[in-house]
Protein chains: 2
Amino acid sequence: MPVPEAIDALSSLLGDRLSLSKPDLEAHGQSETYFTLTPPDAVAYPNDTQEVSAIVKICAAHGCPVIGWGAGTSLEGHALAVRGGVCVDFSRMNKVLSVNPEDMDVVIQPGLTREELNQELRATGLFFPIDPGANASIGGMTATRASGTTAVRYGTMRDNILALEVVLADGRIIRTGTRARKSSAGYDLTGLFVGSEGTLGLITELTVRLHGQPEAISSAVCAFEDIGAAVETVIQTIQMGVPMARIEFVDTPTVAAVNAYSGTDLPEMPHLMVEFHGSDAGVAEQAERFGEILGENGGTGFRWSTKAEERTKLWDARHKAHWACLASRPGAIALVTDICVPISCLAQAVEETRADIEKASIPGPILGHVGDGNFHAILLVEPGNAAEMEEAKALSNRMVERALALGGTSTGEHGVGVGKLPYMEREHGEAWDVMGQIKRALDPDGIMNPGKMVRGN
Amino acid sequence: MPVPEAIDALSSLLGDRLSLSKPDLEAHGQSETYFTLTPPDAVAYPNDTQEVSAIVKICAAHGCPVIGWGAGTSLEGHALAVRGGVCVDFSRMNKVLSVNPEDMDVVIQPGLTREELNQELRATGLFFPIDPGANASIGGMTATRASGTTAVRYGTMRDNILALEVVLADGRIIRTGTRARKSSAGYDLTGLFVGSEGTLGLITELTVRLHGQPEAISSAVCAFEDIGAAVETVIQTIQMGVPMARIEFVDTPTVAAVNAYSGTDLPEMPHLMVEFHGSDAGVAEQAERFGEILGENGGTGFRWSTKAEERTKLWDARHKAHWACLASRPGAIALVTDICVPISCLAQAVEETRADIEKASIPGPILGHVGDGNFHAILLVEPGNAAEMEEAKALSNRMVERALALGGTSTGEHGVGVGKLPYMEREHGEAWDVMGQIKRALDPDGIMNPGKMVRGN
């Protein structure tokens, strides 16, 4: 076994910052969703990049798996230690290294969470807009190419990472990208590491793009008779060039769950929740235009506001929708799906999914980032009920097949991890082999988060 | 020699669509700038992806270099056949394959130029915004990660390519990405091929993101006493969240050249030229806000207009600035530089460059996409004057060193090609070796555009 030898050497390096305690191992072997507990053999808590490099060199020398860990909010089991090994927990590497207001960027360590970053930025007039819901670490969000409710305006992590420092599988430390806003100088290594889920290297420093805090924000909510009318409203709004900052769809079961959980009183119908960022005049104009478009599509109950209190209540309810759905079936665990399709196919994809779930014995509220064509069904399963879990997996499987048949993807923002690995060949065809070629070139011994991402790893 | 055998086989495959004529070879061995004529041994004109695959398989079997060719507008000698071989000219693969207005995307072949694409899109209300000036092919723009005057609003090619079909070095045909707006499904191969300059494969089909034609456009021009005031205006405008579609800087020598060439009457001072896209009210508000900011920074002669005629005249003059600069020294050839720095360092970078050029014996007007921190000096050299060319190269070298010292890049949008290859190690350090590892993994025999991009290739 290579692992005990690596642990001995790591223990000398890190002292009590190498943990072998059972609760700690188990805390790093769980996920927020339905996967089985899969703990690592040890958890390392490095203080800096040089230590990360030293850890990886020791693991490389012994052929010991290395798995990165941010805030543990992944939904696809990215950090499960399926081959054992050492989990590298970045919680001590959570500093803001420099804030550059004129350049609208910030250099940070990977363990910093998005809420911590925005707290640090409060006085600068700038903010980090990517909002996946959970208070994830920025390193983890980068490694999974996360996005969330604001991607329709601000893009995904792919669009907001300017440069990275990465420790490779042999312990080499490289820097990708620069602080320039754009570059044509060679292969986009920054983009390659974003979304690589710790299988090519460990991210130890990030240069992150920031945005100006909007001068004004307006938000609106409205109900629709059916999903098609809601989606048609979204398409027309985008085509009109109205720059939405968020546009979220919640179906009837989600609305019911949110009303019960957050004390809102939305009619139990499909809804869109929208937010606009801009100048005072701009956000008013945008909300009014949106009102016209939804009126033409039969939307009702349209209300918009720039008042912080009303906005906060609305988006707080949306942010808690995941927990509201969980609470709607007390004790349940969730299998959260994450397909993304071309927006012209979105109504069909949501309607077929809705109909499929109606026929099942388990509940599955649907909500999503419809401006991107991305939505989730939160399939609620009784713990230990194998038949229900089978049913949830079958529903999820049909969603993925549906997304791929419509020209979409198995995962819009949650990543591959353990949950979507079975679909990689189906989604990418021979391009999956190219991913394997890149993996083997950069990690020939397969120590970086093994058992994930590529064929036969 | 492997090439003659490959040419025999290609001749059987392509008939008269394999050209060996000297004028054709020379047309494919020249560049728009100062590089020496470097023709290939043959030019192939494939009709479709299957033929491209067959061409690459033949070349792979004989170890013959393969070089892609779009519209020949590259400024860094990307397509020069430095090891000979077969140039694959995509001019026959220039079709629009499908327009998807609801999804705001289009599927095209690589030989289509950006102006042809926008012509095709005219009736749809959509457009392809990336504007490098030249009427480049979209395949070539993708291969070099081009951008131009609108990147500050619409991003670069990296941000506007959703999916690719690529023929690899062994002739395999892969598809990267999907038509979904975002995905977390594995390594970003699309992003890897964007900017890879034909060294990893040949792009044979592209799914390109489109944008809504703006309802209204306003543009403005104003003069500044010095570069610092102009740049400070840009920084403040971006920080205020005013969404500029273009913001261009032209220095005094460029203004003089433009006035002479295009008959404009701008005062001979540094200028900013700006364009806003949005609703009628939005573009008026944006132009007015910009007017307030520049007023605080001592800007003068501010004029803005939404009239198409005035806008067209202004941007036509800007678009012809390259030719205006060339015409300012009759008979000269240009060495065009392309550095990009963090915007906080932009004034310093431009001022030091300006001062450096003033000391030289050759003229070098400066203009740039200042919203991105990217600018060009157009160094004008008498053909055949070796001393002047040495001087231009030394100026260019000092610009790159200055950009790298300021945390920027040697090339913001023109790419590496032959011209920037000497700076790759300096810019990327050990990350350049990682590019080499990826190159060798995907093209072990080094037949794809050899002599470019990576070490020892």
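Just so it is clear, the model here is predicted, and its values are computed rather than measured. Below, read A as the first sequence line, B as the second, and so on, with proteins coming before strands; counting in each chain starts at 1.
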So which of [options] has the biggest tally of heavy-atom pairs under 4.5 Å with chain B?
options                        : result
A:E430, A:R181, A:K182         : A:K182
A:S279, A:C345, A:G177, A:G417 : A:S279
A:R172, A:Q437, A:M435         : A:M435
A:L210, A:V341, A:V242, A:L200 : A:L200
A:T411, A:L126, A:N374         : A:T411
A:T190, A:V416, A:I235, A:D372 : A:D372

note = Only one of B:K452, B:R145, B:K420 passes salt bridge (charged side-chain N to carboxylate O under 4.0 Å, His left out) with B:E76, and that residue is B:K420
task = Mind listing the closest non-hydrogen atom pair of B:P214 and B:F127 along with its distance?
result = CD-CE2, 3.9 Å
Would you call [X] and [Y] a side-chain contact if the rule is heavy atoms closer than 4.5 Å?
X      : Y      : result
B:T199 : B:V454 : no
A:M240 : A:R289 : yes
A:L192 : B:D188 : no
B:H369 : B:I247 : no
B:R402 : B:L406 : yes
B:E427 : B:W432 : no
B:T409 : B:I339 : no

task = Could you go through the side-chain contact (heavy atoms from CB on, under 4.5 Å) check for A:E425 and A:R455 one step at a time?
result = CA-CA 8 Å; A:E425 179 160 24; A:R455 193 199 304 274; 3.3 Å; yes
Heavy-atom cut-off 4.5 Å, strictly under: side chain, backbone, both or neither for [X] against chain B?
X      : answer
A:H428 : both
A:P101 : both
A:L189 : side chain
A:Q239 : both
A:S410 : side chain
A:A151 : side chain

query = Can you say whether B:Q236 sits under 4.5 Å from chain A via the side chain, the backbone, both, or neither, judging by heavy atoms?
reply = neither
Chain A contacts, top residue of [options] (heavy-atom pairs, under 4.5 Å):
options                        : result
B:D433, B:V194, B:N100, B:I238 : B:I238
B:G407, B:G191, B:S183         : B:S183
B:G125, B:G155, B:A431         : B:A431
B:A281, B:A441, B:P342         : B:P342
B:G212, B:G241, B:G408, B:A185 : B:A185
B:E232, B:H414, B:R175, B:E285 : B:E285

query = Any side-chain donor-acceptor pair under 3.5 Å between A:D103 and B:S344?
reply = yes
Pair A:H277 + A:Y154: ring centers closer than 6.0 Å = yes
key: Expected output: side-chain B:D443 to main-chain B:A169 donor-acceptor under 3.5 Å   = no
message = Could you walk me through whether A:D338 and A:L75 satisfy the side-chain contact (heavy atoms from CB on, under 4.5 Å) test, starting with their C-alpha distance in whole Å, then the side-chain angles of each, then the deciding distance to 0.1 Å, before giving a yes or no?
response = CA-CA 10 Å; A:D338 176 41; A:L75 291 170; over 6 Å; no
request  = For B:E413 and B:T156, run side-chain hydrogen bond (donor to acceptor under 3.5 Å, both in side chains): C-alpha distance rounded to whole Å, both residues' side-chain angles, the deciding distance at 0.1 Å, then the answer.
outcome  = CA-CA 8 Å; B:E413 56 183 17; B:T156 72; over 6 Å; no
ask   = Using a heavy-atom distance cut-off of less than 4.5 Å, which residues of residues 157-168 of chain B contact chain A?
value = B:R158, B:D159, B:L168
